[in-house]
Amino acid sequence: MSEIRTDWTKSEIEEIYNTPLMELIYRAATVHREYHNTGEVQVCTLLSIKTGGCPEDCSYCPQSALYQTEVDAEPLMQLNEVIDSAMQAKASGSTRFCMGSAWRNARSNKDFDRVTEMIKAVNSMGLEVCCTLGMLTEEQALKLKQAGLYAYNHNLDSGEDFYEKIITTRTYNDRLTTLENVRKANLSVCCGGIIGMGESDGDRLDLLHTLATLPKHPESVPINALVAVKGTPMEGREKATVWEMVRMIATARIVMPASMVRLSAGRVDMPVSEQALCFMAGANSIFAGEKLLTTPNNESDQDKMMFGLLGLEPRKAFKEELEKIS
Ligand code: SF4
């Protein structure tokens, strides 16, 4: 059985990452079998509860107020609208419901209180509730936990050196501090990154190294392929290839064996054959629903057909992930 380690060196991860692809997939698939039911894929729905108008300058994001994109700023959604969306998500097979707001950080105000109401309502429906609300203090993380939050998403996006080339309004350390606060509140951590932003293999390795050497591995690791949106500084970038995605997913699977590795943004134009390769390489979670925050995603009917074809089942909610992670 592969060991869960948080003392990986960068050169060890580099060696895995550079393994010939077929061998890498085989190795990742072997680790996957040791820790997971390979017939199960977690299906998560992501809802943007507060869209656009964000003061941050993340170069990949159409929700930044600094870029002229087709995303308009909207106020925080109403509780009943969120409940309706969560019911639809549950009916179409999602077991995790993630709510995202385009905030630099959560502020302790009425909007925050409304989010806690949303968490309570969605939690009572038996869904695992996840939020992504920007930077959090320890106190805010605790309040969210008390409201019934299961997981918090806060991505590191890329390696530390590349980070300042894509975002200038906050630091890598700010991200790590929020991740620490989330851990202190005993929330499940969802943290990953994006490829195809112009970063080098070394930057990708830096990201994987940071994730795999956190005091505890994130329970969920989303791997995104950049969706280059018109109006953002990333407009016109070519999408990462499936081989780059597979290499990234497989390496993440090997160095963080018990984590859920999520095939996230960029899945929309992947044929089933490419998605199947990602599942073979150790991905065991996807986002469902027509939109991923503001960018298009796969239709749930297409996903159902894919699950049928590949013999996959949606994973049930509330299986304890936390206990399996070192
Ligand atoms: S990624 Fe998040 S923090 Fe960055 S601009 Fe978009 S909404 Fe704001």
Side-chain angles (χ1 to χ4, degrees), residues 44-77 82 98-107 109 111-112 114-115 118 130-137 140-141 144 149 151-160 162-179 181-182 189-199 203 207 211 218 220-235 237 240 262 264-266 268 287 289 291-297:
C44 315
T45 294
L46 178 55
L47 175 70
S48 179
I49 55 170
K50 157 71 189 87
T51 304
C54 182
E56 301 284 80
D57 69 351
C58 311
S59 304
Y60 52 82
C61 182
Q63 300 202 67
S64 168
L66 292 135
Y67 313 133
Q68 295 291 319
T69 67
E70 284 168 13
V71 175
D72 294 324
E74 288 169 22
L76 181 66
M77 281 174 80
V82 171
C98 185
M99 299 183 277
S101 71
W103 288 334
R104 170 176 163 76
N105 55 303
R107 275 171 291 173
N109 57 14
D111 279 357
F112 187 81
R114 197 190 297 167
V115 173
M118 293 171 183
C130 173
C131 275
T132 180
L133 312 170
M135 292 183 273
L136 281 190
T137 63
Q140 289 167 331
L144 297 174
L149 189 72
Y152 196 79
N153 164 269
H154 202 61
N155 290 329
L156 286 171
D157 297 337
S158 191
E160 185 166 8
F162 189 69
Y163 198 76
E164 60 187 33
K165 298 189 183 128
I166 49 166
I167 299 158
T168 65
T169 47
R170 55 168 193 265
T171 65
Y172 212 67
N173 239 0
D174 291 334
R175 295 307 266 184
L176 292 169
T177 302
T178 293
L179 290 171
N181 291 338
V182 170
V189 171
C190 172
C191 181
I194 309 171
I195 64 167
M197 300 184 292
E199 75 288 341
D203 296 318
L207 168 67
L211 292 170
S220 299
V221 180
I223 304 288
N224 298 283
L226 175 77
V227 177
V229 179
K230 197 169 153 221
T232 65
M234 298 274 167
E235 177 179 350
R237 272 202 179 278
R262 183 167 305 135
S264 301
V268 65
F287 275 122
K291 279 202 168 175
L292 267 188
L293 293 177
T294 59
T295 53
N297 194 32

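Whatever order the structure lists them in is the order used to number ligands and atoms, beginning at 1. We use all heavy atoms of the structure for the numbers below, so side chains are in, but hydrogens, waters and symmetry mates are not. Source: prediction; values computed, not measured.
The shortest distance between side-chain heavy atoms of T178 and N105 does not fall below 4.5 Å.
Per-residue contacts place C61 under 4.0 angstrom from the following atoms of ligand 1 (heavy atoms of the residue considered): 1 (S), 5 (S), 6 (Fe), 7 (S). Taking a cut-off of under 4.0 Å to the non-hydrogen atoms of E56, the atoms of ligand 1 that pass are 3 (S), 4 (Fe), 5 (S), 8 (Fe). Of all atoms in ligand 1, numbered sequentially from 1 with element shown, those under 4.0 Å from a heavy atom of A102 are 7 (S). Under a 4.0 Å criterion applied to the non-hydrogen atoms of Y60, ligand 1 contributes the atoms 1 (S).
A cation-pi geometry, defined here as NZ or CZ lying under 6.0 Å from the six-membered ring centre and within 45° of its normal, does not hold between R107 and F112.
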* How far apart are the C-alpha atoms of Y172 and D157, what are their side-chain angles, what is the distance that settles it, and do they pass the side chain to side chain donor-acceptor pair (under 3.5 Å) test? -> CA-CA 9 Å; Y172 212 67; D157 297 337; over 6 Å; no
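When M234, R170, Q63 are each tested for a side chain to side chain contact (heavy atoms under 4.5 Å, CB included) with C58, only one passes: R170. Just one of L46, T45, I49 meets the side chain to side chain contact (heavy atoms under 4.5 Å, CB included) condition when paired with C98; it is L46. A side chain to side chain contact (heavy atoms under 4.5 Å, CB included) with Y152 holds for exactly one of L179, L136, V189; it is L136.
Within the structure, the closest approach of R170 to ligand 1 falls below 4.0 Å when heavy atoms are considered.
Note on C54: not counted as a metal contact of atom 6 (Fe) of ligand 1, no N/O/S atom lying under 2.8 Å. At a cut-off of 2.8 Å, C58 coordinates atom 4 (Fe) of ligand 1 through an N, O or S atom.
Remark: atom 5 (S) of ligand 1 lies closer than 4.0 Å to at least one protein heavy atom.
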